[in-house]
Amino acid sequence: PNDPSRSLSLSGHVGFDSLPDQLVNKSTCQGFCFNILCIGETGIGKSTLMDTLFNTNFENFEASHFEPQVKLRAQTYDLQESNVRLRLTVVNTVGFGDQMNKQESYQPVVDYIDRQFESYLQEELKIKRSLHSYHDSRVHACLYFISPTGHSLKSLDLVTMKKLDSKVNIIPVIAKADTISKSELHKFKIKIMSELVSNGVQIYQFPLDDETVAQVNTAMNGLLPFAVVGSTEEVSVGNKMVKARQYPWGVVQVENETHCDFVKLREMLICVNMEDLREQTHTAHYELYRRCKLEEMGFKDTDPESKPVSLQETYEAKRQEFLLELQKREEEMRQMFVQRVKEKESELKDSERELQNRFEQLKRLHADEKAALEEKRRLLEDDQSSFGKRRAAAQLLAAQNLTSNGKKDKDRKK
Amino acid sequence: MTDSAKLHQPHPPPKGERSHAGDFSYVGIDAILEQMRRKAMKQGFELNIMVVGQSGLGKSTLMNTLFKSKVSRKSAQPNPEEKIPQTIEIKSISHDIEEKGVRMKLAVIDTPGFGDQINNENCWQPIMKFINDQYEAYLQEEINIDRKKRIPDSRVHCCIYFIPPTGHCLRPLDVEFMRRLSKVVNIVPVIAKADTLTLEERDDFKQTIREELRANGIDVYPQKEFDEDAEDRLINDKIREMIPFAVVGSDQEYQVNGKKILGRKTKWGTIEVENIAHCEFAYLRDLLIRTHMQNIKDITGSIHYEMYRVRRLNESNAGPGLAPGQAPTLVSAHTNGQTKVNGGPPNGMAAQCEVLTHEM
């Protein structure tokens, strides 16, 4: 039972003014996570801008223009500046705007963002979870690269940004701004912003609630979209080496605020509002995703009978349902397999029987032939023996004839 | 799709101040510390401290001394009654205090009646229930579909347990309470009214207490198992060698050597509360407020609360005796205490607390 809060004044130094320091120290030990998604056509300068922003050389390779579908490539890096460790993930679209039919181009991007939310939601719903050591992969900022046509936004741009504005903080930038003149740029920016407004696209607004930064944020909000130029090459200007692009007609200096808005982008994205970007992602975009997802799965908050952990129960119930479904399918597959095995088995049995029959047949044939041969042999033997007998008889007769002839001769001689 | 993390250094790493005009390599990542600080200052902080101990041990005075203002329950009531309540009551008072731009919502939770009854068996129960109720409230809000941007944190971050300065050893009540509660909340034991002990008696007493805590497996704050790294362990080991802190509280100021200090004046001298030669109040204050406050809140949030959540979520799914729609409610001891939890005795509160203790 809580009484309402009373305001008290302290009569001495207590020491809890060190709390922000304690909090910051803890975060410094843990390190920070920041995830940027870059959407833009192939060759528009996404990778170069990231290299320039973070003053380092991320692994890049030129993408081909012949990707059949938009893909996303995410790379994670550990950066460190003084005592701050940052785990930065840069996600680039590959092949965006290259297809003949761009109707589904936004889908892989939306899917990627949703997958990160889903992953976080899964972790949050786990029974045994470790949220503070979970690598947060949710997209905190989305840099949308607008082609420097100087005219207006492309329909692909509008469609894509509209699909993303409720899922991620969109910061539109005009890429390769060194191809537009100052006056054209001014008109271009106005055109872009009015198109965004008239199409109801909600881009990220730099927050105005903290008076320390409200002023600079208001000014910057009015300069969107930032016209940027990226370069990691150094050119000598005056007596210094600066990041720049060298043309025959002059040198475009990246960090010169009269040449382009790069410094403003870095200021806003990293130095002033990084934490707010992370917070908006967590408290607005992620919450929206979570709410929609849970409602879609069939949960409700406002059930008067709802018991304390009905969310968990329903979730478990759904999970059971799903598992049962899986089991059923598994059973079906097994049945089918058994059936097929039976069929094959009977097939094989038939073949076996057939072979057996043929064998029997051949055996009989063989036996018949053998019997026939036996018969012939017997006949032959019979013949032989009767011939033998006849020969013996003939010989005997011949011998008898001889002796009787001899007697006759003897009788004659006498 | 994600390649393994690679270590990159913006070259060369800048030192010192933030001016980036002409500083080739400055990115500005370290500005996030400032951003975090700003956000924290804007949001303010919450802290909930519970004080437990028999009446007359100086709990209210100590709270007032710690926060240098009248934060105790007695000070909040116009006519504080000195009657010892018949049963243990749990009273929570909230205060908004501010120091150097840092705003804090401090809740002091008092437990009058603890240890004052003739039969003190199960005196820890209402306190355990209160602590679990706060976890429950937080959990409820967390699992809502439409939930608040910042979930109000009423969880008890720290429980200061007052040990009477007998000089002998812990009483069964102390052991029982600390054994059970150290599993669900950060316990900071203190020796109350330490001005009745000489330094030798104090050291012996502390030694005995430490041994008894160890023998009974009682893990008080800072818990050994939650030390994060070697540096932490070093600092916390020093603290662990000093607990329990022997404290004296006072909200009266006296002049000593020309300075105004908080103290207790007696015929034989003035005890200076913030003088570490006299008592260990300063160490307690430093631990609780100046160095480990964030850590105390972190351990409550990421360890004690998570353990409660795991138990709770497992309970609602498990249990042969538990129908799907009938989640156990730890709401009130007054409703039918017939809730069976995993086949324990149908004695509502005791069963649940038993189960909770057992499953640990």
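In what follows, chains carry the letters A, B, and so on, assigned in the order in which the sequence lines appear, proteins first and then strands, with residues in each chain numbered from 1.
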### Query
Between B:K149 and A:E287, does a side chain to side chain contact (heavy atoms under 4.5 Å, CB included) hold up when you go through it step by step?
CA-CA 9 Å; B:K149 227 176 185 185; A:E287 284 298 309; over 6 Å; no
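- Heavy atoms closer than 4.5 Å to chain B are found nowhere in A:V91, neither backbone nor side chain.
- Other residues, nucleotides and ligands contribute only 12 or fewer heavy atoms inside 6.0 Å of the CD atom of B:E231.
- With rounding to the nearest 0.5 angstrom, the CZ atom of A:F34 is 7.5 Å from the CD1 atom of B:I32.
- A donor-acceptor contact shorter than 3.5 Å links the side chain of A:E81 to the backbone of B:V27.
- Between the CD1 atom of B:I29 and the CG atom of A:N83 there is a distance of 11.5 Å, given to the nearest 0.5 Å.
- In this structure, chain A has no heavy atom under 4.5 Å from any part of B:I109.
- The residues B:E142 and A:R129 are annotated as salt-bridged, a charged nitrogen and a carboxylate oxygen being separated by less than 4.0 angstrom.
- At least one side-chain heavy atom of B:D146 sits less than 4.5 Å from a side-chain heavy atom of A:R291.
- Of the inter-residue distances, the one linking B:D229 atom CG with A:C29 atom SG reads 7.0 Å to the nearest 0.5 angstrom.
- A donor-acceptor pair under 3.5 Å links the side-chain atoms of B:Q35 to the main chain of A:E275, judged by distance alone.
- Both the backbone and the side chain of A:K128 come within less than 4.5 Å of a heavy atom in chain B.
- For the atom pair CZ of B:R147 and OG1 of A:T283, the computed distance is 10.5 Å after rounding to the nearest 0.5 Å.
- Interface remark: A:L53 contributes backbone atoms only to the contact with chain B (heavy atom separation under 4.5 Å).
- Under a 3.5 Å cut-off, the side chain of B:E99 and the backbone N or O of A:G15 do form a donor-acceptor pair.
- Minimum heavy-atom separation, B:R38 to A:V272: NH2-O, 3.4 Å.
- Closest of all the heavy-atom pairs between B:M36 and A:V24 is CB-CG2, 4.5 Å.
- Distance check, rounded to the nearest 0.5 Å: NZ of A:K293 to CD1 of B:I145 gives 12.5 Å.
- Counting heavy-atom pairs under 4.5 Å between each of A:H132, A:H282, A:K26 and chain B puts A:K26 at the top.
- Of the two parts of B:E228, neither the backbone nor the side chain holds a non-hydrogen atom closer than 4.5 Å to a non-hydrogen atom of chain A.
- A search for ring-ring contact (aromatic ring centres under 6.0 Å, His included) contacts involving A:F32 returns nothing, not counting sequence neighbours.
- The closest side-chain heavy-atom distance from A:L23 to B:F45 is below 4.5 Å.
- Side-chain atoms of B:K68 come within 3.5 Å of backbone atoms of A:H13 as a donor-acceptor pair (strictly under, hydrogens ignored).
- B:R290 touches chain A through backbone and side chain together, each having a heavy atom under 4.5 Å away.
- Among the candidates B:R285, B:E98, B:E253, the residue making the largest number of heavy-atom pairs closer than 4.5 Å to chain A is B:E98.
- The pair A:E279-B:K42 does not count as a salt bridge, with every side-chain nitrogen at least 4.0 angstrom from each carboxylate oxygen.
- A donor-acceptor contact shorter than 3.5 Å is absent between the side chain of B:Q294 and the backbone of A:D21.
- Proximity to chain A is limited to the side chain of B:M41, based on heavy atoms less than 4.5 angstrom apart.
- Counting heavy-atom pairs closer than 4.5 Å to chain B, the top residue among A:L269, A:T28, A:V213 is A:V213.
- Using a 4.5 Å heavy-atom cut-off against chain A, the contacting residues of residues 297-306 of chain B are B:D298, B:S302, B:Y305, B:E306.
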